[in-house]
Amino acid sequence: MVGEILDAVARTAPEVRAGLPGRRAYGDEENPSGERRLAADEYADSLLEERLLALDSVGSYASEEQSGVVDDDGEYHVACDPLDGSSNLKSNNAMGTIVGVYDEPLPAGGRSLVASAFVLFGPITTMTVARDGTVTEYLLEDGERTAVTEDLALPDDPVVYGFGGRVPDWPADFAGYVESVEQELKLRYGGAMIADVNQVLTYGGIFAYPALDSAPAGKLRLQFEGNPIAHIVETAGGASSDGERSLLDVEPTDLHQRVPVHVGNESLIDRLEAALS
Ligand code: P6P
């Protein structure tokens, strides 16, 4: 059941990637979060909706690109960011797909995730999956997934950091935290959450898109980005926070609710929560 959902995402990935070159232009519409939508966003969303709703195990499909939930009659509820970091298409940088598989109707709390995954379109295409208490990295080739890293675990010693938003827009307590972190770690920020989070999963460190003075709830969406990525990082031995608590414990109130996102090594998250308290 959950496996067929992950297999469908893996099988769809090559088609999404092959469709990118001709879809770099912005469409006329905005997504429900008021962000300009690329033709590639619409393409990825329509492919994933079609492939996932075709499965008996999928009871609903929701995406960052659509205002509502598309209902069906299966057991699991899938939340998708079809092309996270799509603004990187213009500059030919990494991006990919985020999928959360919930066993409750959406919007749902992160503890009801039964599997989370992201497909990363980098120099190679990989799929990182949290399921049954473990994280596995797969190489995707011709739609087939081959496990290349089993029981993926965050390295103990953090090396990299990446923080979104503009420096003058960071609240003073977060800016103070950054002053200590930037003395210790190397900056890695590329504008696509999953690529930046994959740096953290690989080298250890922290990624954050924090609360901003101009946007106290930050930028990233709980259902489609915060919950699945927190599930992956926490399953890999790290921690997550909205500034006060695990992202998986944030109360879901709206399908497109935004949340401040901080994920990475537990020691860095503990220091962050102390700095913001
Ligand atoms: P900014 C991509 O649009 C995204 O949703 C995340 O993938 C990424 O972390 C963030 O927004 C980048 O935002 O403000 O740096 O362009």
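As the structure lists them, so they are numbered: ligands from 1, and atoms in each ligand from 1.
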[X] touching ligand 1 at heavy-atom level, < 4.0 angstrom:
X      : answer
Met95  : no
Gly164 : no
Arg166 : no

Between [X] and ligand 1, find which residue part has any heavy-atom pair under 4.0 Å and reply side chain, backbone, both or neither.
X      : value
Leu220 : side chain
Phe207 : side chain
Arg221 : side chain

- [ ] Using the salt bridge (Lys or Arg N to Asp or Glu O under 4.0 Å) rule, take Glu225 and Arg258 through it: C-alpha gap first, then chi angles, then the decisive distance, then the call.
- [x] CA-CA 9 Å; Glu225 295 162 307; Arg258 297 177 194 266; over 6 Å; no
[atom]: which protein heavy atom is closest, and how many Å away?
atom                    : result
atom 10 (C) of ligand 1 : Lys219 NZ, 3.8 Å
atom 9 (O) of ligand 1  : Met193 N, 3.3 Å
atom 14 (O) of ligand 1 : Tyr209 OH, 2.7 Å
atom 5 (O) of ligand 1  : Glu225 OE2, 3.2 Å

Open item on the list: Using a 6.0 Å distance limit plus a 45 degree cone around the ring axis, check whether Arg36 lies over the aromatic ring of Tyr26.
Closed with: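 Yes.
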Is the closest N or O pair between [X] and ligand 1 shorter than 3.5 Å?
X      : value
Ser87  : no
Tyr189 : yes
Gly165 : no

With atoms numbered from 1 as shown, which atoms in ligand 1 lie under 4.0 angstrom from a non-hydrogen atom of [X]?
X      : answer
Asp84  : 5 (O), 6 (C), 7 (O)
Ala192 : 7 (O)
Gly85  : 2 (C), 7 (O)

Task: Non-neighbouring partners of Tyr189 that pass side-chain contact (heavy atoms from CB on, under 4.5 Å), sequence neighbours left out - done: Leu187, Asp196, Phe207, Tyr209
TODO: Give a yes or no on whether Leu106 and Val101 share a hydrophobic cluster (residues Ile, Leu, Val, Met, Phe, Trp, Tyr; joining criterion: side-chain heavy atoms under 4.5 Å apart).
DONE: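 No, Leu106 and Val101 fall in different hydrophobic clusters.
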Task: Tyr61: which of Val69, Asp72, Asp45, Asp71 passes side chain to side chain contact (heavy atoms under 4.5 Å, CB included) - done: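 Testing each of Val69, Asp72, Asp45, Asp71 against Tyr61, the sole residue satisfying side chain to side chain contact (heavy atoms under 4.5 Å, CB included) is Asp45.
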- [ ] Would you sort out whether Arg271 and Glu184 count as a salt bridge (Lys or Arg N to Asp or Glu O under 4.0 Å), showing the intermediate values?
- [x] CA-CA 13 Å; Arg271 280 168 55 188; Glu184 303 162 22; 2.8 Å; yes
Task: CG (Asp56) with more than 12 external heavy atoms under 6.0 Å - done: no
Open item on the list: Using the ring centroid of each side chain, check whether His256 and Phe224 are separated by less than 6.0 Å.
Closed with: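 Yes, they do, as the ring centres are separated by less than 6.0 Å.
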Open item on the list: Under a 3.5 Å threshold, yes or no: a donor from one side chain and an acceptor from the other, between Ser57 and Glu4?
Closed with: yes
TODO: Applying salt bridge (charged side-chain N to carboxylate O under 4.0 Å, His left out) between Arg37 and each of Glu64, Glu42, Glu30, report the one that passes.
DONE: Glu42
